[in-house]
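Both counts, for ligands and for their atoms, begin at 1 and track the order of listing. FYI, the numbering just counts along the sequence from 1.
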Amino acid sequence: MFGIGTKDVGIDLGTANTLVFIKNKGIVLREPSVVAKNTSTEEIVAVGNDARNMIGRTPGSIVAIRPMKDGVIADFDTTTAMIQYYLKGAMKASGTSWSKPNVMICVPSGITSVEKRAIIDAARQAGAREAFTIEEPFAAAIGANLPVWEPTGSLVVDIGGGTTEVAVISLGGIVTSESVRVAGDAMDIAITQFIRKTYNLTIGERTAEAIKIEIGSARTVTEAEKNAKMDIRGRDLLTGLPKTIEISAEEIAEALKESVASIIEGVRRTLEKTPPELSADVMERGIVLTGGGALLKNLDKVIADQTDMPVFIADNPLDCVAIGTGKALDNISQIRRQQSHK
Ligand SMILES: Nc1ncnc2c1ncn2[C@@H]1O[C@H](COP(=O)(O)OP(=O)(O)OP(=O)(O)O)[C@@H](O)[C@H]1O
């Protein structure tokens with residue numbers, strides 16, 4: 001169709017959530033990065049929301065997996081299936097039949113060039129005209145409207161599910177970066193372990209996440225935060241029966257202390273490696289937080305205290321990477337140049 005109706009697509013293949021961004025439309029799809037597979041036939045049974053609802057509830061032959069969980073791609077077939085599913089969903093959501101789109105896919109920064117290649121091939125197989133990859137902190141910085149193409153230092157901390165990516169960016173490139181394997185998932189695990197140890201209660205992954213979102217914080221500051229409580233349900237380890245207990249926000253802040261410290265340590269290490277001119281820029285402009293973990297209450301305040309730098313939370317932190325991934329297609333020549341340098 002002579003390119004009419006061609007739309008560029010950005011896919012944020014996150015460890016926790018996958019988001020699809022279409023130029024001039026915004027985010028058209030947002031689903032958990034989960035795939036349900038039948039282990040005896042290797043067949044993919046469900047992807048996204050449907051697959052997530054199966055977590056912890058699957059019969060023996062079906063497993064719900066998070067293929068990107070540790071920031072690496074589990075296997076090619078599952079990843080291809082996921083990309084295919086999301087591209088199809090994007091086409092449906094856009095309401096038009098398009099010619100093949102250009103696709104930009106955001107990947108964790110620790111991923112190998114072989115894995116990058118596999119993702120590009122998967123996107124092509126799934127119907128992309130041209131496919132590119134972009135590193136997560138770079139996409140996050142674009143999505144947070146930081147001046148990434150200018151000769152000035154910007155420090156972005158993207159706190160996702162599996163990893164926290166810290167990067168200093170200037171002149172269209174990552175100058176220094178750190179990838180810390182502590183982010184939202186590690187916080188959920190810390191909460192689960194705390195409750196198990198303190199109350200002899202086992203809770204599920206989704207309950208732990210709900211606790212973090214409702215009453216979790218890096219530090220309780222206001223009276224309301226200090227007094228916040230929540231009823232949670234789990235299984236008593238001693239009796240094996242369901243039980244409800246009440247936990248306080250103060251306890252959860254204590255449980256999250258170590259995860260928060262690891263994230264701050266990653267920021268410090270990055271600052272230590274940053275050339276002085278760029279550090280001065282960061283000092284002046286501040287640190288920007290993106291990713292769902294940026295929403296943990298008072299995390300910005302704790303990072304500001306510990307680094308002596310101003311800290312800001314980006315607008316819509318959960319969407320920054322997807323928006324930046326899509327927007328990067330506007331600067332495709334720079335991205336091509338960047339990729340050819342690797
Ligand atoms: N209000 C909130 N408070 C604390 N954490 C939150 C909040 N909302 C979402 N999260 C957490 O943010 C994480 C998901 O963030 P995001 O979608 O940015 O990750 P991702 O991009 O999928 O992962 P990654 O960046 O590791 O690839 C989850 O761990 C989720 O529990």
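If you check which protein heavy atom lies closest to atom 11 (C) of ligand 1, you get Lys212 NZ, 3.7 Å. Protein heavy atom in closest approach to atom 26 (O) of ligand 1: Thr15 OG1, 2.7 Å.
Side-chain contact of Asn38 with Ser61: a donor-acceptor pair under 3.5 Å is absent, judged by distance alone. Using a 3.5 Å distance cut-off with no hydrogens or angles, the side chains of Thr176 and Thr270 do not pair a donor with an acceptor. Side chains of Ser248 and Glu250: a donor-acceptor N/O pair is absent below 3.5 angstrom, by distance only. In this model, no donor atom of one side chain and acceptor atom of the other lie less than 3.5 Å apart for Asn102 and Lys23.
Taking every non-hydrogen atom of Glu209 and a distance limit under 4.0 Å, the qualifying atoms of ligand 1 come out as 28 (C), 30 (C), 31 (O). Heavy-atom contacts of Gly184 reach the following atoms of ligand 1: 29 (O) (cutoff under 4.0 Å). Listed by atom number, the atoms of ligand 1 under 4.0 Å from Gly14 heavy atoms are 20 (P), 21 (O), 22 (O), 27 (O). Remark: ligand 1 atoms within the under-4.0 Å shell around heavy atoms of Thr163 are 26 (O). Near Gly162, meaning under 4.0 Å from any of its heavy atoms, are these atoms of ligand 1: 26 (O). Interface atoms of ligand 1 facing Gly293, defined by a heavy-atom separation under 4.0 Å, are 12 (O). If you number the atoms of ligand 1 from 1 as listed, the ones under 4.0 Å from a heavy atom of Asp158 come out as 25 (O). Numbered from 1 in the order shown, with element, the atoms of ligand 1 that lie under 4.0 Å from a heavy atom of Ala16 read 14 (C), 20 (P), 22 (O), 23 (O).
Nearest residue to atom 12 (O) of ligand 1 from Ala218, Cys320, Gly292 is Gly292 (criterion: closest heavy atom). Which of Asn17, Val107, Leu295 comes nearest to atom 22 (O) of ligand 1 through a heavy atom is settled by distance: it is Asn17. Selection from Ser33, Cys106, Gly160 by nearest heavy atom to atom 13 (C) of ligand 1 gives Gly160.
For the pair Ile105 and Ile83, the tightest heavy-atom approach, listed with the atom from each and the gap, is CD1-CD1, 4.0 Å. Listed here is the closest heavy atom pair of Phe312 and Arg285: CE1-O, 3.3 Å.
The shortest heavy-atom distance from Leu296 to ligand 1 is under 4.0 Å. No heavy atom of Gly216 sits closer than 4.0 Å to any atom of ligand 1. For Ala183, the closest heavy-atom approach to ligand 1 does not fall below 4.0 Å.
Residue-level proximity to ligand 1 for Thr18 is absent, since no heavy atom of it falls below 4.0 angstrom. Residue-level proximity to ligand 1 for Glu136 is carried by the side chain, the only part with a heavy atom below 4.0 angstrom.
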Salt bridge (Lys or Arg N to Asp or Glu O under 4.0 Å), that's the test. Do Glu178 and Arg268 meet it? Break it down for me. CA-CA 10 Å; Glu178 278 276 330; Arg268 277 178 192 275; over 6 Å; no
Derivation and outcome, salt bridge (Lys or Arg N to Asp or Glu O under 4.0 Å), residues Lys37 and Glu42: CA-CA 6 Å; Lys37 247 186 174 179; Glu42 283 298 302; 3.5 Å; yes
Side chain to side chain contact (heavy atoms under 4.5 Å, CB included) between Glu254 and Thr220: does it pass, once the steps are laid out? CA-CA 10 Å; Glu254 189 59 37; Thr220 52; over 6 Å; no
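Among the candidates Val166, Thr274, Ile264, Val180, the single residue satisfying the side-chain contact (heavy atoms from CB on, under 4.5 Å) test with Arg269 is Val180.
Other residues, nucleotides and ligands place no more than 12 heavy atoms under 6.0 Å from the NZ atom of Lys257. More than 12 heavy atoms of other residues, nucleotides or ligands lie within 6.0 Å of CG in Asp305, so this atom counts as buried by the packing criterion.
Checking only distances, Asp188 never comes within under 3.5 Å of ligand 1, N or O to N or O. Not one N or O of Gly291 is nearer than 3.5 Å to an N or O of ligand 1, by distance alone.
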